[in-house]
Amino acid sequence: MSDSVLKKEFQKRDVERLRNLVKGKYGSRTTMGIGYNGEVQEEHKEGDIWEQGGRTWTIKDGIKENVTKLDKFKKVAVPLFCPNCKQVMDKQLDPFYYKSFGECLDCRTVTETRMKLSGEWQSHINETFNAEIDQQIQEYKSYFESILSEGKEGYVSESGEVQKWVGGIDKERASNALEEIVKHLNSLKK
């Protein structure tokens, strides 16, 4: 019976670290280090954002994390249960189907099968295709608006050099090109 007892004792620093985490003091130290450190390290608190080594860092829940462009996509939380069938979403493709359609793979399969049996499938495909074309048209329009609103006198490159341009953008020709693109994309609609 005595062999099954915990063989490792908790040290004082382990208890202090756990106490600090419970109290929300994520950056508090539990031990003192002695020695030479060539760099002066900055102390950061919860929620601080800083640059180090060409990357952006922050501290969340006491853990130092790299901040990336895709952080907002990582925050999409997939629930444990499907909102339609209330089953556990544990299949490999369930998170992807939930993010796209708001339901698990099984529910989406049932939905698409019902559409195919009732004859609504082709109209659904056409609506989806037309929505994608409308999105492309909006992207082209916003792109042309941004190009036409740029200054004519120069351009600053990524390296910081200012390039002087002679001439400018022919707005009439650009608007004609946009009209042709929109006309072509609208002709692709089903």
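From a predicted model like this one, the values you see are computed outputs, not experimental measurements.
- Relative to the six-membered ring of Phe129, Lys190 meets both conditions, a distance below 6.0 Å and an angle of at most 45° to the axis.
- Taken to the nearest 0.5 Å, the SG atom of Cys107 stands 12.0 Å off from the CD atom of Glu112.
- Side-chain heavy atoms closer than 4.5 Å link hydrophobic residues (I, L, V, M, F, W, Y) into clusters, and following such links, possibly through other members, connects Phe101 to Leu93.
- Residues Lys64 and Gln52 are in side-chain contact: their nearest non-hydrogen atoms beyond the backbone lie under 4.5 Å apart.
- For the pair Arg108 and Tyr97, the NZ or CZ position fails the cation-pi test of under 6.0 Å to the six-membered ring centre and within 45 degrees of the ring normal.
- Residue-environment remark: CD (Glu139) exceeds the threshold of 12 foreign heavy atoms within 6.0 Å.
- Atom OH of Tyr140 is surrounded by 12 or fewer heavy atoms from other residues, nucleotides or ligands within 6.0 Å.
- Taken together through direct or relayed side-chain contacts under 4.5 Å among Ile, Leu, Val, Met, Phe, Trp and Tyr, Leu188 and Ile181 form part of one hydrophobic cluster.
- Put simply, the side chain of Asn126 does not reach to within 4.5 Å of the side chain of Lys189, judged on heavy atoms.
- Tyr143 and Ile133 fall within a single hydrophobic cluster, where Ile, Leu, Val, Met, Phe, Trp and Tyr side chains are chained together by heavy-atom contacts under 4.5 Å.
- Contact check for Ile59 versus Asp48: no side-chain heavy atoms found under the 4.5 Å cut-off.
- Annotation: Glu51, atom CD; neighbour count of heavy atoms from other residues, nucleotides and ligands within 6.0 Å is above 12.
- A salt bridge links Glu16 with Lys12: the distance from a Lys NZ or Arg NE/NH1/NH2 to an Asp or Glu carboxylate oxygen falls below 4.0 Å.
- The residue from Pro79, Cys104, Cys82 that alone fulfils the side chain to side chain contact (heavy atoms under 4.5 Å, CB included) condition with Tyr98 is Pro79.
- The two atoms that bring Ile49 and Thr58 nearest to each other are CG1-OG1, 3.8 Å, heavy atoms only.
- The minimum heavy-atom distance between Phe81 and Lys86, with the atom names listed, is CD2-O, 3.7 Å.
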Show your working on side chain to side chain contact (heavy atoms under 4.5 Å, CB included) between Thr111 and Asn84 and close with a plain yes or no.
CA-CA 11 Å; Thr111 303; Asn84 292 342; 5.7 Å; no
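- Taking the side chain as every heavy atom from C-beta outward, Gln92 and Leu105 never approach each other to under 4.5 Å.
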